[in-house]
Amino acid sequence: MSRPIDVAVLGSTGSIGTQTLEVVEAEPDRFRIVALGANSSVDLLAEQALRHRPQVVAVASPEAGAQLRGRLPSGTELVVGEGALVDAVDSSCQVVVNGVVGFAGLDVTLAVLHAGKRLALANKESLIAGGPVVQRAWQTPGAELVPVDSEHAAVHQCLRANDVAERVDRVVLTASGGPFRGRTRAELVDVTIDDALAHPTWSMGPKITVDSSTLMNKGLEVIEAHELFGIDYDRIEVVVHPQSIVHSMVTYTDGSTIAQLSNPDMRLPIAYALAYPDRVATAFGPLDWAAVGPLEFGPPDLEAFPCLGLAYDAGRAGQTAPAWLNAANEVAVAAFLASEIAWIDIPDVCKGVLERHDGASADSVEAVIDADRRARHVARQMIERRT
Ligand SMILES: NC(=O)c1ccc[n+]([C@@H]2O[C@H](COP(=O)([O-])OP(=O)(O)OC[C@H]3O[C@@H](n4cnc5c(N)ncnc54)[C@H](OP(=O)(O)O)[C@@H]3O)[C@@H](O)[C@H]2O)c1
């Protein structure tokens, strides 16, 4: 039997990270954990390290680093501080799962691609904010980017199923519609944090769950699809599909549509990104056709959920506009989760920030980081004025 693939899981304590460890545990002959990394979840990191005995554990928070000292198995190196997760990319890993949430994942995305390794990308924010810079890093010999986001993993599989890429007419991303599907804007005025965190079909971290409720997640995924598959915005369509069984589709010029279907289980796209071009032997989320029931599809409501339209606007503007939108959204979602603004204010903050985008190019990492910083500043000012 061939040697197991060495895997680094950065953001190992989150929803994607813990599910990645479940995939590895289900396929122990195939995958081996060599690095783990997170921000500050000391107890869970220590437990994961004892279970997997990696070469390296990386932790961004210095306080968490101090608490972790002495709690790791012998032979595991501890690296601490802002650049610690990037240091972990230097381990013997062949594949890195970037499961960090938000713009904080940009360093990891760039480091993996620059190292010429495979990036299993869950952290969509880095690709959206840093599009042109990430594209350049992706050109590094050996660098591979396989999406973990279920919709993009679906599109990746649909494109593989047909070898005439130039005959793609459109990519169709499915959206569950989130917990507020079917509500009008007036009915969304008083929604609470708990309402926004109650996703009907997926169990995920808090930021992406709120993004799903505003349809910003789908908007970010539209930009992600453009970056991953090089397809124009006019040919990326979003369709609401409440059952989350069809994870996305590709329509060809002859009218044929190829779709990928499974139960909503993130371990499937995670395993796909780890094993590609092979497939794992363990089934995650297989369908029982007798139990599937009707599958519904319909158009998204752009008036009640303006974030989707804002993402198309930012994507079409290009350069640092997606970084501004992403930063505005991260600040607005954090403010909503801290009860500083209402849910209905999230799109308003994003729109207001995007209107003040300064048109800067995304020609370097520094330019992207600067764009993120400026947009966050504008977003905070707008929120302070509201509160
Ligand atoms: N969850 C899903 O099903 C899903 C599906 C598709 C795509 N995604 C994408 O995957 C990413 C992760 O989502 P999630 O739902 O897994 O989030 P999550 O549950 O909130 O986990 C986030 C992870 O990132 C770590 N982290 C946060 N800030 C960090 C920093 N500054 N430096 C280093 N590590 C940091 C956290 O560490 P601590 O625990 O120590 O704070 C945690 O391990 C997001 O980009 C999301 O959009 C998620």
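Indexing begins at 1, ligand by ligand and atom by atom, following the structure's order. What you see is a predicted model; the values in this text were computed from it and never measured.
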Exercise for review: In plain terms, say whether D43 and R71 are close enough for a salt bridge, that is, a side-chain N and a carboxylate O under 4.0 Å apart.
Suggested key: yes
Point to revise | ligand 1 versus A104: contacting region, heavy-atom distance under 4.0 Å | key: side chain
Check your understanding: How far is atom 45 (O) of ligand 1 from its nearest protein heavy atom, and which residue and atom is that?
Key -> E125 OE1, 2.6 Å
**Study point:** Enumerated ligand 1 atoms positioned under 4.0 Å from heavy atoms of G14
**Key:** 16 (O), 18 (P), 19 (O), 21 (O), 42 (C), 43 (O)
Point to revise | atom 32 (N) of ligand 1 [closest protein heavy-atom partner, distance rounded to 0.1 Å] | key: A60 CB, 3.7 Å
**Study point:** Taking atom 11 (C) of ligand 1 as the reference point, the nearest protein heavy atom with its distance
**Key:** V100 O, 3.4 Å
Revision key, fill the gap. Residue, atom and distance of the protein heavy atom nearest atom 27 (C) of ligand 1 read V101 CG1, 3.8 Å
**Study point:** Donor-acceptor under 3.5 Å (E77 side chain, Q55 main chain)
**Key:** no
Check your understanding: Any nitrogen or oxygen of G11, main chain or side chain, under 3.5 Å from a nitrogen or oxygen of ligand 1?
Key -> yes
Point to revise | Proximal atoms of ligand 1 relative to S40 (non-hydrogen, under 4.0 Å) | key: 38 (P), 40 (O)
Review point. Just by distance, do the side chain of K218 and the backbone of V238 share a donor-acceptor pair under 3.5 Å?
Key: no
Practice item. If you have a sec, work out which protein heavy atom is nearest atom 47 (O) of ligand 1 and how many Å separate them, to one decimal? Key: K124 CE, 3.3 Å
**Study point:** Result of checking Q260, H156, R279 against Y272 for side chain to side chain donor-acceptor pair (under 3.5 Å)
**Key:** H156
Review point. Nearest protein heavy atom to atom 15 (O) of ligand 1, by residue and atom, and its distance?
Key: G205 N, 2.8 Å
Study note, to complete from the structure: L85 heavy atoms within 4.0 Å reach ligand 1 at atoms 33 (C), 34 (N)
Study note, to complete from the structure: The option among R267, M204, E151 carrying the non-hydrogen atom nearest to atom 3 (O) of ligand 1 is M204
Practice item. Using non-hydrogen atoms of the residue, decide whether M266 is closer than 4.0 angstrom to ligand 1. Key: yes
Study note, to complete from the structure: Out of P206, P264, P269, the nearest non-hydrogen contact to atom 20 (O) of ligand 1 is supplied by P206
Exercise for review: Without swapping roles, check the side chain of D149 against the backbone of E151 for a donor-acceptor pair under 3.5 Å.
Suggested key: no
Check your understanding: Do the non-hydrogen side-chain atoms of E125 and V101 ever get within less than 4.5 Å of each other?
Key -> yes
Revision key, fill the gap. Contact region, S15 to ligand 1, non-hydrogen atoms below 4.0 Å, reads both
Review point. Can you find a non-hydrogen atom of G99 under 4.0 Å from ligand 1?
Key: yes
Check your understanding: In the protein, what heavy atom is nearest to atom 6 (C) of ligand 1, and what distance, to one decimal place, separates them?
Key -> D149 OD1, 2.9 Å
Check your understanding: Is any NZ, NE, NH1 or NH2 atom of the basic residue among R185 and E303 found under 4.0 Å from an Asp or Glu carboxylate oxygen of the other?
Key -> no
Check your understanding: At under 4.0 Å between heavy atoms, which part of I16 makes contact with ligand 1: side chain, backbone, both or neither?
Key -> both
**Study point:** Distance-only polar pair, side chains of S61 and S40, donor-acceptor under 3.5 Å
**Key:** no
Practice item. Could you tell me which atoms of ligand 1, counted from 1 in the order shown, lie closer than 4.0 angstrom to a heavy atom of I208? Key: 4 (C), 5 (C), 6 (C), 7 (C), 8 (N), 15 (O), 46 (C), 47 (O), 48 (C)
Check your understanding: In terms of side-chain geometry, is the basic nitrogen of R316 or D234 positioned less than 4.0 Å from the acidic oxygen of its partner?
Key -> yes
Check your understanding: What is the closest protein heavy atom to atom 9 (C) of ligand 1, and at what distance does it sit?
Key -> A122 O, 3.1 Å
Study note, to complete from the structure: Atoms of ligand 1 under 4.0 Å from any heavy atom of T13, numbered from 1 in the order shown, are 36 (C), 37 (O), 38 (P), 39 (O), 40 (O), 42 (C), 43 (O)
Practice item. Using atom types as modelled and distance alone, determine if a side-chain donor or acceptor of R267 lies under 3.5 Å from a backbone N or O of G285. Key: no
Review point. Would a distance-only check, ignoring hydrogens and angles, find a side-chain to backbone donor-acceptor pair under 3.5 Å from E27 to T282?
Key: yes
Exercise for review: With atom 29 (C) of ligand 1 as the reference point, say which of N39, L36, I270 has the nearest heavy atom.
Suggested key: N39
Review point. Is the shortest distance from a Lys or Arg side-chain nitrogen in R380 or E384 to a carboxylate oxygen in the other one below 4.0 Å?
Key: no
**Study point:** Lys/Arg N to Asp/Glu carboxylate O, R385 vs D348, below 4.0 Å
**Key:** no
